Protein chains: 2
Amino acid sequence: MGEERAVGTPVLRRLNTAAVLRAVRERAPGPVRLAELVEVTGLTRPTVGQAVDDLVEAGWLQQHDPATTPRRGGRPALRVSLRGRAAPVLGLDVGPHTVSAGIDDLAARRLAAVRRSAEAGPAAAGRLLAAVDEVIERALQEAGLGADEIAGLAVGTPGIVDAGSGRILLAPSVPGWTSVDLSDHLRGRFHCPVQVENDANLAALAVAGERPGHGTLLAVQWGERLGAGVVIDGRLHRGSGAAGEIGFIRPPGHVPETGDGRGPLERTIGAEAIAGKARRAGLPGGAPDAAAVFAAASAGDSTAQRVVDDVAATFAQAVAPAVLVLDPDAIVIGGGVARAGSVLLAAVNRHLADLTLNPPAVELSGLAEDTVLTGALRLALDEFWRRLSV
Amino acid sequence: MGEERAVGTPVLRRLNTAAVLRAVRERAPGPVRLAELVEVTGLTRPTVGQAVDDLVEAGWLQQHDPATTPRRGGRPALRVSLRGRAAPVLGLDVGPHTVSAGIDDLAARRLAAVRRSAEAGPAAAGRLLAAVDEVIERALQEAGLGADEIAGLAVGTPGIVDAGSGRILLAPSVPGWTSVDLSDHLRGRFHCPVQVENDANLAALAVAGERPGHGTLLAVQWGERLGAGVVIDGRLHRGSGAAGEIGFIRPPGHVPETGDGRGPLERTIGAEAIAGKARRAGLPGGAPDAAAVFAAASAGDSTAQRVVDDVAATFAQAVAPAVLVLDPDAIVIGGGVARAGSVLLAAVNRHLADLTLNPPAVELSGLAEDTVLTGALRLALDEFWRRLSV
DNA sequence: CTAGTTTATAAACGAGCTTAACAAACCCTC
DNA sequence: GAGGGTTTGTTAAGCTCGTTTATAAACTAG
């Protein structure tokens with residue numbers, strides 16, 4: 001730790017080269033004129049030239065043909081861009097039913113995306129692991145890459161993950177999953193940094209990536225299960241490892257056990273519980289699912305509206321203390337329930353305004369199915385760049 | 001923003017000088033041999049010599065008389081130490097009833113500490129401001145310093161403070177306080193960085209300073225009012241400005257308004273409310289205050305024990321959602337109620353264990369009355385060092 | 001008083017950035 | 001198509017800084 005040895009002129013070179021690389025990255029994926037880099041970095045032309053030469057040599061950047069540069073009435077500029085293929089990263093989303101893999105290049109361009117379902121049930125852990133290996137293989141093939149070329153890897157999984165070892169400590173939704181050392185398994189195949197992270201946390205990272213600027217964000221994944229991730233100034237907050245587990249908040253009143261490892265709030269306002277509430281409230285139309293309830297509420301059905309309001313109130317009361325302590329700029333709701341639309345949003349906003357000092361903006365996530373995968377790729381990329389600049 | 005211009009060899013000098021200063025600071029307040037600095041920083045002897053010369057010249061360090069160095073069988077070493085007086089910082093704690101000021105030197109040695117009471121009531125804001133000016137004057141006198149020598153200033157005040165402007169947005173406990181621009185007032189007298197911060201946040205910073213290492217800490221101030229500060233990896237979490245306002249968490253059940261701006265949780269388990277609960281429960285001994293209730297509970301009185309358990313349960317239920325989201329390593333309770341001792345602690349621990357996945361260590365703060373002042377001085381010092389290394 | 005140890009000083013060297021002058025390549029106008 | 005204007009690239013001199021290496025200083029132990 002604290003290795004800051006030998007601060008001589010070579011360190012300057014490293015610093016400046018890193019600054020140039022960062023500047024190119026910020027303008028990715030398009031090519032950048034060297035003169036532009038001079039302006040942006042504040043370095044002088046010879047310095048930038050030297051750094052670019054080094055970076056091209058090392059494979060980080062690629063020169064563009066001067067013939068193709070747009071003319072602006074002077075000597076044609078040299079242009080460079082990130083050579084994305086130089087360090088692709090692999091992301092994985094290991095869900096209880098689905099496993100997906102994606103590969104992004106340095107500039108966050110998607111090189112491959114593969115998805116595969118895996119049946120649940122007994123021995124699910126084993127099947128999941130096999131599915132993981134398969135999607136990895138297919139993704140590598142699709143991108144035309146070997147495992148050794150991968151520069152970073154991040155995996156999203158349900159459950160609570162130990163930050164240090166990467167071991168999964170608690171994963172009620174996948175039987176046997178805690179006894180699989182996923183991190184170790186992957187490290188056997190890849191010789192790059194491997195990060196295992198809770199899926200809701202990665203989703204939060206993906207959501208934060210969509211939002212401009214920094215600040216505090218609470219990103220809720222609301223489906224059958226209920227989880228959240230906290231992102232502060234672009235960085236994931238892990239707490240002592242289990243941050244964001246809002247599914248285990250206990251709402252007022254008695255919540256019957258289900259024995260499937262779900263938390264009290266999940267059992268009260270998870271997608272399944274919402275359908276149950278509607279059924280008990282006598283919503284016409286047989287056995288509705290959560291989506292049907294929200295649709296009915298949107299259409300004006302007063303029974304459904306009461307159910308939605310009840311759900312929103314419970315949610316707001318459950319998270320209000322966390323909102324008061326964390327004071328996030330926004331709460332973004334994703335997951336299956338997020339497709340509910342504005343009915344739910346308005347109700348949550350209304351209740352939260354009543355329960356907090358500084359009600360955050362409550363929004364629905366605009367991200368589609370691949371949220372966790374996107375977050376995993378983002379984490380892998382972030383880690384990669386972080387290592388570069390240290 | 002992003003000014004990183006002109007990265008030439010002079011930057012190296014700045015970097016290395018800063019590294020030397022940091023190394024000296026880490027060994028404060030004792031003097032350090034130059035040879036030791038060479039070893040610690042990894043720089044070479046001539047470089048360290050140059051940096052030390054510069055720092056002595058600029059007044060940051062002072063040389064020690066070689067005659068006084070302990071002999072170790074060789075040429076006597078040059079030794080330097082922080083010249084604390086070079087940049088003292090001023091801390092203020094503006095409470096509703098008491099105002100205190102403190103001055104620390106660079107090495108966090110206390111140079112002055114002054115306290116003064118200010119009566120509440122109408123026109124309290126004006127009297128407070130006068131008291132602030134007075135304690136500042138006396139502290140400066142006590143330390144033998146002029147206002148221009150102060151290198152940093154931080155103020156703790158009740159209420160919610162806007163991070164950008166330093167304006168106080170909400171302060172129910174001091175009438176008229178929001179219309180006083182404290183930050184502006186101080187900036188008129190001092191030409192150093194001025195930070196205004198919520199008092200509970202500063203207390204949290206002080207508590208965090210007492211704890212080794214990093215991690216997530218929820219520091220609760222529990223007295224008549226109830227507030228908290230969140231410290232993550234040594235840095236204060238401000239959220240959008242009002243983080244930690246646990247007094248406004250709404251516990252289950254109806255909480256009558258009192259119209260004095262206190263939040264629902266404060267009205268339920270604040271010091272005054274605890275006494276009220278005991279009175280209503282029929283605790284013998286007339287009109288007890290909170291301390292008496294805790295004392296009776298410790299002594300074995302079952303009525304008092306029921307009250308304490310009720311209070312602890314309410315507290316635990318209120319903060320459990322925040323604990324699940326934040327997953328702090330510890331909750332430290334300070335303020336008047338903290339003097340309750342292990343009765344309260346045990347009860348809170350018990351209830352929290354039942355309501356969270358990963359129950360944090362609940363502890364009592366070891367800090368005395370000056371918690372907020374200590375935090376203010378710490379914030380001012382942190383800011384000062386932060387500015388130096390940028 | 002000499003040997004050994006620890007520390008400080010000074011000069012030579014090398015790496016890196018900056019300045020400044022100059023060259024290249026292109027557009028436009030006459 | 002020749003020359004001026006513009007943007008960009010190239011090169012060499014000069015400066016700052018850290019490192020290396022050799023040498024001197026100051027002290028203790030025996």
Side-chain angles (χ1 to χ4, degrees), chain A residues 3-21 23-24 27 31-58 61 63-81, chain B residues 3-21 23-24 27 31-58 61 63-81:
Chain A
E3 288 283 325
E4 269 190 58
R5 315 230 145 263
V7 178
T9 40
V11 173
L12 268 191
R13 179 71 82 86
R14 252 180 29 90
L15 248 54
N16 288 335
T17 310
V20 168
L21 187 54
V24 176
R27 271 144 196 82
V32 201
R33 291 180 301 118
L34 253 64
E36 208 174 328
L37 290 177
V38 169
E39 195 175 344
V40 169
T41 59
L43 304 170
T44 56
R45 177 54 228 245
T47 307
V48 171
Q50 181 66 254
V52 165
D53 284 352
D54 287 359
L55 288 167
V56 169
E57 177 104 9
L61 300 183
Q63 291 249 10
H64 284 242
D65 186 359
T68 66
T69 64
R71 296 301 145 87
R72 22 190 345 236
R75 176 167 172 171
L78 290 180
R79 295 185 311 159
V80 291
S81 64
Chain B
E3 287 285 320
E4 267 190 61
R5 315 229 144 261
V7 178
T9 39
V11 173
L12 266 190
R13 176 76 83 93
R14 256 180 23 92
L15 248 54
N16 288 334
T17 311
V20 168
L21 186 55
V24 176
R27 272 144 197 82
V32 201
R33 292 180 300 117
L34 254 62
E36 208 174 326
L37 290 177
V38 169
E39 197 174 342
V40 169
T41 58
L43 303 172
T44 57
R45 175 55 226 240
T47 306
V48 171
Q50 181 66 251
V52 165
D53 286 352
D54 288 357
L55 288 168
V56 169
E57 176 103 11
L61 300 183
Q63 290 248 10
H64 284 243
D65 186 1
T68 65
T69 65
R71 294 301 144 88
R72 26 192 339 240
R75 176 169 172 171
L78 290 180
R79 295 184 313 157
V80 291
S81 64

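From a predicted model like this one, the values you see are computed outputs, not experimental measurements. In the text below, chain A, chain B and the rest are named by the order of the sequence lines, each starting its count at 1.
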Q: Taking five pairs at each end, how big is the angle between the two axes of the helix from C/dC1-D/dG30 to C/dC30-D/dG1, to 10°?
A: 10°

Q: Measure across A/A23 and A/V40 and return the closest heavy-atom pair with its distance rounded to 0.1 Å.
A: CB-CG1, 4.2 Å

Q: What integer distance in Å separates A/L37:CG from D/dT8:P?
A: 12 Å

Q: CG of B/L43 versus C1' of D/dT19: gap in Å, rounded?
A: 11 Å

Q: Please report, rounded to the nearest Å, how far the P atom of C/dA10 is from the CD atom of B/Q50.
A: 12 Å

Q: With sequence neighbours left out, what residues match A/R13 under salt bridge (Lys or Arg N to Asp or Glu O under 4.0 Å)?
A: A/D54

Q: Counting the atoms with a prime plus P, OP1 and OP2 as sugar-phosphate, which does A/R45 contact under 4.0 Å by heavy atoms, base, sugar-phosphate, or nothing?
A: base

Q: Test of understanding: with side chain to side chain contact (heavy atoms under 4.5 Å, CB included), list the residues that count as partners of A/L12, not counting sequence neighbours.
A: B/V7, B/T9, B/L12

Q: CG/B/D65 to CG/B/L78 distance, rounded to the nearest 0.5 angstrom?
A: 10.5 Å

Q: Please give, in whole Å, the distance from D/dA25 C1' to B/L34 CG?
A: 16 Å

Q: Please determine, for the side chain of A/R33, which listed nucleotide (C/dA15, D/dT8, D/dT20) has the closest atom?
A: D/dT8

Q: Tell me: CZ of B/R79 to P of C/dT6, nearest whole Å?
A: 18 Å

Q: Could you work out, with salt bridge (Lys or Arg N to Asp or Glu O under 4.0 Å) as the rule, every residue matching A/R33, not counting sequence neighbours?
A: A/E36

Q: Using atom types as modelled, flag every donor-acceptor pair under 3.5 Å from a side chain in residues 43-52 of chain B to any protein atom, sequence neighbours excluded.
A:
residue	atom	partner	partner atom	Å
B/T44	OG1	B/T47	OG1	3.0

Q: Can you check the A/R13 CZ to D/dC17 P distance for me, whole Å?
A: 19 Å

Q: Quick one: CG on B/L61 to CG on B/D53, what's the gap to the nearest 0.5 Å?
A: 10.0 Å

Q: Identify which nucleotide among D/dT20, D/dT8, C/dA15 has an atom closest to any side-chain atom of A/T9, counting heavy atoms from C-beta outward.
A: C/dA15

Q: For every nucleotide of nucleotides 24-30 of chain C, 5' to 3': is a protein heavy atom under 4.0 Å from its base (B), only from its sugar-phosphate (S), or from neither (-)?
A: BBBS---

Q: What nucleotide, of C/dA8, D/dG18, D/dT11, holds the atom closest to the side chain of B/N16?
A: D/dG18

Q: Taking only the side-chain heavy atoms of A/L12 (C-beta and beyond), determine which of C/dT7, C/dG16, C/dT18 contains the nearest atom.
A: C/dG16

Q: Between A/S81 and A/P31, what is the shortest heavy-atom contact and its length?
A: CB-CA, 3.8 Å

Q: Give the rounded distance in Å between these two atoms: CG of A/L15 and P of D/dC17.
A: 16 Å

Q: Would you kindly give the CG-to-P distance between A/L78 and C/dA23, to the nearest whole Å?
A: 19 Å

